[in-house]
Amino acid sequence: MSNSKQAVPDTLPLLRERIDSIDSQIQILINERASCAQKVAEVKLAEQGGESVVFYRPEREAQVLRRVMERNEGPLGNEEMAKIFRQVMSSCLALEKPMRIAFLGPEGTFTQQAALKHFGKSIVSAPMAAIDEVFREVESGAANYGVVPVENSTEGVVNHTLDSFRDSRLKICGEVEERIHHHLLVSPNINSEDVTHIYSHQQSLAQCRAWLDRYWPHAERIAVSSNAEAARLAAEAGRSGRAIAAIAGEVACELYGLLKVSSNIEDRPDNTTRFLIVGNQDVPPSGKDKTSLLISAKNEPGALYRLLEAFERHGVDMTRLETRPSLMSRWGYIFYIDFVGHYLDEDCRAVIDELRERASEVKVLGSYPVAVL
């Protein structure tokens with residue numbers, strides 16, 4: 001007869017007891033991490049005399065989140081695990097002073113959703129009416145960073161954002177890629193079957209056209225200034241018993257207390273928007289970076305070819321090229337270029353040095369970590 005103990009089968013009370021024990025340990029460790037973060041802030045203040053101390057380090061946070069995803073063994077997915085750590089870091093950073101983040105508003109937009117994804121929820125959100133206002137808010141020091149859209153996988157580049165970099169001293173400090181999911185939303189006070197009008201931004205209505213044609217062909221579609229405004233109107237109408245619906249995202253749904261009639265109604269499930277984080281600092285290398293340039297080319301035959309040829313010779317991967325009117329001369333153009341690497345990397349420095357020899361102007365808009373989330 002064996003003397004070995006038989007394994008005790010899992011029961012619901014035992015499992016709950018184990019979860020409570022684990023939660024207690026997690027809580028202790030989170031507070032221990034927060035205390036350590038406070039000490040880091042104290043050391044920085046002592047070393048720099050309290051002047052212009054930078055507590056938020058984009059490259060450091062990117063490295064931490066990458067390691068979280070690399071060592072994750074499940075069952076939670078890599079991105080879900082990284083989001084948990086993202087919020088832990090956000091809460092720890094806010095112990096010193098919550099960061100004020102300006103973004104293209106109003107509240108409830110996908111730009112705010114991107115800001116919360118990148119910085120976590122322990123921030124002070126500052127919605128701005130226009131992209132240039134976001135830049136001014138950060139330049140003046142009223143906001144620590146700004147978040148602006150730069151391109152969408154179906155709609156293309158956001159020209160206003162590119163143009164704002166021409167005369168701005170701000171640097172790109174990071175990027176966020178946000179999968180755009182649209183939801184059909186109604187007030188909890190109304191019956192969705194009574195809906196006769198659907199409100200949303202014109203781009204969102206276009207991105208959901210096939211779905212609307214199939215499931216809501218008789219509802220009138222009304223274009224408004226933003227998805228968040230559509231959600232606000234739906235909530236307001238619901239309080240007076242009017243049955244209208246809105247197409248908007250998760251943040252707007254939560255902000256205005258709406259119900260989802262249908263989720264992820266976009267015609268293209270891969271619809272993604274890229275957002276840029278703008279600030280006043282240069283970001284050191286993180287190990288996996290991207291660099292953005294603004295280039296004014298000389299008006300001569302082969303000028304663009306000679307600019308691009310430098311990337312090929314040094315083996316630097318160019319990921320994006322956009323053209324905008326220069327506004328300085330008739331039919332003159334400037335180019336916006338993204339490439340893989342940090343401007344301090346040897347091969348990237350060589351490319352930039354050659355570009356400066358061949359172009360009228362080369363402005364490094366910033367090197368920053370490639371989007372982790």
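It should be emphasised that the depicted structure is a prediction, and the values quoted were computed from it without experimental measurement. As a basis for the values below, the full set of heavy atoms in this structure was taken, side chains included, without hydrogen atoms, waters or symmetry mates.
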**Student:** Check Met81 against Val68 and note the closest heavy-atom contact, atom names and distance.
**Tutor:** CG-CG1, 3.5 Å
**Student:** Counting C-beta onward and ignoring hydrogens, is there a side-chain heavy-atom pair between Leu93 and Phe119 closer than 4.5 Å?
**Tutor:** no
**Student:** Please list, chain by chain and in numerical order, all residues satisfying ring-ring contact (aromatic ring centres under 6.0 Å, His included) with Phe339, sequence neighbours excluded.
**Tutor:** Phe311
**Student:** If you take all heavy atoms of Arg306 and Glu300, which pair is closest and at what distance?
**Tutor:** NH2-OE2, 3.1 Å
**Student:** Answer yes or no: does atom NZ of Lys260 have more than 12 heavy-atom neighbours from other residues, nucleotides or ligands under 6.0 Å?
**Tutor:** yes
**Student:** Can a donor-acceptor pair be found, under 3.5 Å and without considering hydrogens, that links the side chain of Arg86 to the backbone of Lys117?
**Tutor:** no
**Student:** Would you say the side chains of Gln87 and Ser91 form a donor-acceptor pair under 3.5 Å?
**Tutor:** yes
**Student:** Please report the closest heavy-atom contact between Ala310 and Leu355, naming both atoms and the distance.
**Tutor:** CB-CD2, 4.5 Å
**Student:** For Glu309, look at atom CD and say whether over 12 heavy atoms of other residues, nucleotides or ligands are found less than 6.0 Å away.
**Tutor:** yes
**Student:** Would you say Asn280's side chain and Glu139's backbone share a donor-acceptor pair under 3.5 angstrom?
**Tutor:** no
**Student:** Flag yes if more than 12 heavy atoms outside Glu361 fall under 6.0 Å of its CD atom; otherwise flag no.
**Tutor:** yes
**Student:** Whether the Thr196 and Glu220 side chains hold a donor-acceptor pair (N or O, under 3.5 Å, no angle test) is what I'd like checked.
**Tutor:** no
**Student:** Quick check: closest heavy atoms across Tyr145 and Gly279, and the distance to 0.1 Å?
**Tutor:** CD2-CA, 3.8 Å
**Student:** Which pair of heavy atoms, one from Gly108 and one from Gln112, lies closest together, and at what distance?
**Tutor:** N-OE1, 2.6 Å
**Student:** Name all residues meeting the side-chain contact (heavy atoms from CB on, under 4.5 Å) criterion together with Asp270; count only those two or more places apart in sequence or in a different chain, and write none if there are none.
**Tutor:** Arg268
**Student:** Mind listing the closest non-hydrogen atom pair of Tyr199 and Ala230 along with its distance?
**Tutor:** O-CB, 3.4 Å
